[in-house]
Amino acid sequence: MQIITDPAEMQAISENLRLQHQLIGVVMTMGALHEGHLSLVRHAQKKAGIVIMTIFVNPTQFGPAEDFERYPRPFEQDAALARAAGVDYLFAPPPERMYPEGYHTSIDPGPMAGSFEGASRPGHFMGVATVVVKLLNITRAHLAVFGEKDAQQLAVIRRVTGDLNIGTMIEGAPIAREADGLATSSRNIYLSSDDRQRATVLYRAIQYAGQETDRGRHDLKAIAHEAASLVHSVIGSTPDYLCFVDDETFVPAVEAVPGKAYRLVMAVRIGSTRLIDNWRFVCGEHRDA
Ligand code: PAF
């Protein structure tokens, strides 16, 4: 595995790989790698001959109250994990190479960036959209793999790359779950054992919604309301949000239309930990929850 820190050098290597007809896949991360990131690498390896991993703690997607400085940066450990996973190139630029003095441009992903996760983190998706486009231009990847766990991020990236005709194929990798259904997350370790038990209600809410849509119900707003009551009955508070959205636009959905894709999205605080989860379904198709 080669470690590259200079954007121009990475771009030159990628151009050369393209000239050799190599198919390039990229997995973008902010480091502090865990099994979720490694599963994205395995996903990319199935589709691409060369896999580039990027590690860049992107300052522009952190709000003023969020702790950019204290974000973990275990670089040696990350590099060892990436190497063991068979990553071909690790691109890890310092911030001043990505945003040199005089840098001004940013990408506004539009209304989708202001709801749900974007509502509590103003500017976050603008920072994500900008760095993702920069990293796609630098790595010249044919394919980029992002986790479905961050479904709104994935939708924003699909929107931006589509709107800007970037041409990279954007792939969502399925959510990895524990045996009891809890979505894997680096935040799960902050849950006390009682809260860890309570946290299974997120997946139970998904299963409830799946069961109801399987019964042929189309009243998504009502189903989401019932699922939110289930969550409330276990954690004793209202979810930050729990609703169905159009899978492409993230506009809240009230009634399902056959053939259309929707996503149940939720953010729930359990103790001092905020967990997110989601489930995609196509109205009229058999569920996979
Ligand atoms: O999901 C992340 O880790 C980040 O938002 C990403 C996509 C690497 C952009 O900084």
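For ligands, and for the atoms within them, numbers begin at 1 and follow the listed sequence. For this chain, numbers begin at 1 and follow the sequence in order.
- Among all protein heavy atoms, the one lying closest to atom 3 (O) of ligand 1 is Met30 CG, 3.7 Å.
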- Could you please spell out the steps behind the side-chain contact (heavy atoms from CB on, under 4.5 Å) verdict for Thr54 and Thr29? CA-CA 6 Å; Thr54 69; Thr29 80; 5.5 Å; no
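- At the shortest separation from atom 2 (C) of ligand 1 among protein heavy atoms lies Gln153 NE2, 3.9 Å.
- Look at Glu35 and Arg42 and you find a salt bridge, because one of the NZ, NE, NH1 or NH2 atoms lies within 4.0 Å of a carboxylate O, short of that distance.
- The part of Thr29 lying near ligand 1 is the backbone, judged by heavy-atom distances below 4.0 Å.
- Using a 4.5 Å cut-off on side-chain heavy atoms (C-beta onward), Leu191 and Ile270 make contact.
- Considering His124, His37, Gln61, Met28 only, the shortest heavy-atom separation from atom 4 (C) of ligand 1 involves Gln61.
- Counting only residues at least two apart or on different chains, the ring pair (Phe, Tyr, Trp, His ring centres under 6.0 Å) pairs with a member in residues 6-39 are His34-His37.
- Taking the ring centre of Tyr99 as origin, the terminal cationic atom of Lys134 falls inside the region bounded by 6.0 Å and 45° from the ring axis.
- Close contacts of ligand 1 with Val131, meaning ligand atoms under 4.0 Å from a residue heavy atom, involve 9 (C), 10 (O).
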